[in-house]
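Presented below is the structure to which this report refers.
Any value given below was found using the heavy atoms of this structure, including those in side chains, with hydrogens, waters and symmetry copies removed. Computed from a predicted model, the values in this text were never measured in an experiment.
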Amino acid sequence: LVSKSEKRQIYQYLLKEGTLVVRKDTGLPRHQDIPVPNLKIMMICKSLKSRGLIEEKFNWQWFYYYLNEKGILAMCEYLGLPSNIRPDIYKAPAVKKPRDDDRPRRTGGFGRGLKKE
(Lines give C-alpha, C1' and ligand atoms only; values in the text may rest on other atoms or scores of the structure.)
Protein backbone atom coordinates (compact mmCIF):
# COMPACT_ATOMS: atom_id res chain seq x y z
CA LEU A 1 0.00 0.00 0.00
CA VAL A 2 1.04 3.55 -0.69
CA SER A 3 1.25 5.77 2.38
CA LYS A 4 -0.19 9.29 2.44
CA SER A 5 3.27 10.84 2.73
CA GLU A 6 4.51 8.97 -0.37
CA LYS A 7 1.40 9.90 -2.31
CA ARG A 8 1.84 13.52 -1.24
CA GLN A 9 5.48 13.51 -2.42
CA ILE A 10 4.44 12.18 -5.83
CA TYR A 11 1.61 14.71 -6.18
CA GLN A 12 3.87 17.60 -5.11
CA TYR A 13 6.49 16.61 -7.67
CA LEU A 14 3.87 16.26 -10.41
CA LEU A 15 2.36 19.64 -9.60
CA LYS A 16 5.76 21.35 -9.45
CA GLU A 17 7.20 19.88 -12.66
CA GLY A 18 4.07 19.02 -14.65
CA THR A 19 5.74 15.88 -16.00
CA LEU A 20 7.06 12.64 -14.58
CA VAL A 21 9.37 10.09 -16.19
CA VAL A 22 9.26 6.54 -14.80
CA ARG A 23 11.44 3.63 -15.89
CA LYS A 24 9.51 0.40 -16.47
CA ASP A 25 11.39 -1.49 -13.78
CA THR A 26 9.35 -2.72 -10.83
CA GLY A 27 12.48 -3.84 -8.99
CA LEU A 28 14.03 -0.40 -8.59
CA PRO A 29 14.23 0.43 -4.88
CA ARG A 30 13.85 4.19 -5.50
CA HIS A 31 12.73 6.48 -8.30
CA GLN A 32 15.49 8.68 -9.74
CA ASP A 33 13.82 11.97 -8.64
CA ILE A 34 11.43 11.07 -5.81
CA PRO A 35 12.46 9.04 -2.72
CA VAL A 36 9.63 6.54 -3.25
CA PRO A 37 9.87 2.98 -4.63
CA ASN A 38 9.44 2.89 -8.41
CA LEU A 39 6.60 0.34 -8.27
CA LYS A 40 4.50 2.63 -6.08
CA ILE A 41 5.00 5.54 -8.47
CA MET A 42 3.97 3.33 -11.38
CA MET A 43 0.79 2.29 -9.58
CA ILE A 44 -0.11 5.87 -8.56
CA CYS A 45 0.39 7.04 -12.15
CA LYS A 46 -1.72 4.16 -13.45
CA SER A 47 -4.52 5.23 -11.11
CA LEU A 48 -4.23 8.89 -12.13
CA LYS A 49 -4.30 7.89 -15.79
CA SER A 50 -7.46 5.82 -15.35
CA ARG A 51 -9.14 8.86 -13.73
CA GLY A 52 -8.10 11.05 -16.68
CA LEU A 53 -5.79 13.32 -14.66
CA ILE A 54 -2.57 12.62 -16.58
CA GLU A 55 -1.62 11.64 -20.12
CA GLU A 56 0.76 8.74 -20.74
CA LYS A 57 3.35 8.08 -23.43
CA PHE A 58 5.48 4.95 -23.45
CA ASN A 59 8.78 4.67 -25.29
CA TRP A 60 11.82 2.43 -24.90
CA GLN A 61 10.82 1.05 -21.49
CA TRP A 62 10.11 4.50 -20.05
CA PHE A 63 6.74 5.97 -19.12
CA TYR A 64 6.27 9.69 -19.73
CA TYR A 65 3.38 11.25 -17.79
CA TYR A 66 2.01 14.76 -18.40
CA LEU A 67 -0.38 16.50 -16.04
CA ASN A 68 -3.46 17.90 -17.81
CA GLU A 69 -5.73 20.76 -16.71
CA LYS A 70 -8.12 18.46 -14.82
CA GLY A 71 -5.11 16.90 -13.08
CA ILE A 72 -3.72 20.28 -12.02
CA LEU A 73 -7.02 21.16 -10.33
CA ALA A 74 -7.21 17.74 -8.64
CA MET A 75 -3.61 18.00 -7.34
CA CYS A 76 -4.25 21.52 -5.98
CA GLU A 77 -7.40 20.29 -4.24
CA TYR A 78 -5.66 17.24 -2.73
CA LEU A 79 -2.67 19.29 -1.51
CA GLY A 80 -4.87 22.14 -0.23
CA LEU A 81 -3.33 24.75 -2.54
CA PRO A 82 -5.02 27.55 -4.50
CA SER A 83 -6.18 26.52 -7.97
CA ASN A 84 -4.17 29.22 -9.76
CA ILE A 85 -0.87 27.35 -9.32
CA ARG A 86 0.69 26.14 -12.58
CA PRO A 87 3.51 23.63 -13.14
CA ASP A 88 6.89 24.79 -14.42
CA ILE A 89 6.20 23.54 -17.96
CA TYR A 90 3.36 26.08 -18.32
CA LYS A 91 5.50 29.02 -17.23
CA ALA A 92 7.33 31.10 -19.83
CA PRO A 93 11.10 30.62 -19.84
CA ALA A 94 13.27 33.49 -18.75
CA VAL A 95 14.34 35.68 -21.65
CA LYS A 96 18.08 35.89 -22.15
CA LYS A 97 19.43 39.39 -22.57
CA PRO A 98 21.86 39.99 -25.42
CA ARG A 99 25.39 40.70 -24.32
CA ASP A 100 26.68 44.23 -24.82
CA ASP A 101 30.38 43.62 -24.83
CA ASP A 102 32.90 45.26 -27.15
CA ARG A 103 34.32 42.02 -28.42
CA PRO A 104 34.89 41.89 -32.17
CA ARG A 105 32.58 39.43 -33.88
CA ARG A 106 33.70 37.05 -36.59
CA THR A 107 32.34 37.54 -40.05
CA GLY A 108 31.88 34.80 -42.55
CA GLY A 109 31.09 31.20 -41.87
CA PHE A 110 32.85 27.92 -41.55
CA GLY A 111 32.01 26.75 -45.05
CA ARG A 112 33.09 28.61 -48.14
CA GLY A 113 34.90 31.49 -46.55
CA LEU A 114 34.47 35.17 -47.21
CA LYS A 115 32.97 36.35 -50.45
CA LYS A 116 35.63 37.90 -52.69
CA GLU A 117 34.82 40.63 -55.15
Side-chain angles (χ1 to χ4, degrees):
L1 295 172
V2 181
S3 69
K4 282 187 179 182
S5 65
E6 291 173 332
K7 189 183 235 184
R8 188 171 186 80
Q9 286 178 335
I10 296 167
Y11 284 8
Q12 285 174 340
Y13 183 85
L14 256 174
L15 188 59
K16 180 183 177 291
E17 298 293 327
T19 61
L20 180 62
V21 180
V22 182
R23 185 183 186 124
K24 186 183 175 185
D25 184 0
T26 57
L28 279 179
R30 297 268 177 231
H31 185 263
Q32 65 266 19
D33 296 326
I34 308 169
V36 176
N38 207 43
L39 179 62
K40 291 182 179 183
I41 293 177
M42 289 171 65
M43 295 300 110
I44 290 287
C45 288
K46 183 192 246 185
S47 171
L48 293 173
K49 181 185 167 222
S50 71
R51 289 189 270 162
L53 302 179
I54 57 176
E55 307 295 324
E56 177 191 73
K57 302 284 184 205
F58 182 74
N59 191 15
W60 288 82
Q61 300 299 309
W62 288 85
F63 290 102
Y64 298 90
Y65 295 103
Y66 307 96
L67 200 57
N68 59 23
E69 194 65 36
K70 187 178 169 187
I72 293 170
L73 295 175
M75 297 292 151
C76 287
E77 183 180 326
Y78 181 84
L79 296 171
L81 299 171
S83 60
N84 62 352
I85 292 178
R86 293 285 168 247
D88 289 344
I89 60 169
Y90 290 110
K91 296 176 184 170
V95 178
K96 293 183 180 178
K97 295 181 182 179
R99 296 190 312 187
D100 290 332
D101 53 344
D102 296 328
R103 220 171 40 152
R105 301 286 179 194
R106 285 198 295 181
T107 58
F110 288 105
R112 298 172 186 229
L114 296 174
K115 188 175 184 181
K116 296 181 182 177
E117 295 178 14

P37: which of H31, E6, M43 passes side-chain contact (heavy atoms from CB on, under 4.5 Å): E6
I54 CD1 to L14 CG distance, which is reported to the nearest 0.5 Å: 6.0 Å
Rounded distance (nearest 0.5 Å) linking atom CD1 of I41 with atom OH of Y65: 10.5 Å
Path from M42 to W62 over hydrophobic side-chain contacts below 4.5 Å: no
Side-chain heavy-atom pair L20, I34 within 4.5 angstrom cut-off: yes
N/O donor-acceptor pair under 3.5 Å between N68 side chain and E55 backbone: no
From CG (L15) to CZ (R8), nearest 0.5 Å: 11.0 Å
Joint cluster assignment, Y66 & I44, ILVMFWY side-chain distance < 4.5 Å: no
Residue K40 excluded, over 12 heavy atoms near NZ under 6.0 Å: yes
Atom CD of Q32: over 12 foreign heavy atoms under 6.0 Å: yes
Spatial distance of atom CH2 (W60) from atom CZ (R23) [nearest 0.5 Å]: 12.5 Å
Contact check, side chains of E56 and V22, non-hydrogen atoms, under 4.5 Å: no
ILVMFWY network linking L28 to Y13, side-chain heavy atoms under 4.5 angstrom: no
Same apolar cluster: L79 and L48, side chain cutoff 4.5 Å: yes
P35 vs Q9 side-chain heavy atoms within contact, under 4.5 Å: yes
Rounded distance (nearest 0.5 Å) linking atom OH of Y11 with atom CG of L53: 7.5 Å
Smallest separation among heavy atoms of C76 and P82, with atom names: SG-O, 3.4 Å
NZ-OH distance between K4 and Y78, expressed to the nearest 0.5 angstrom: 6.5 Å
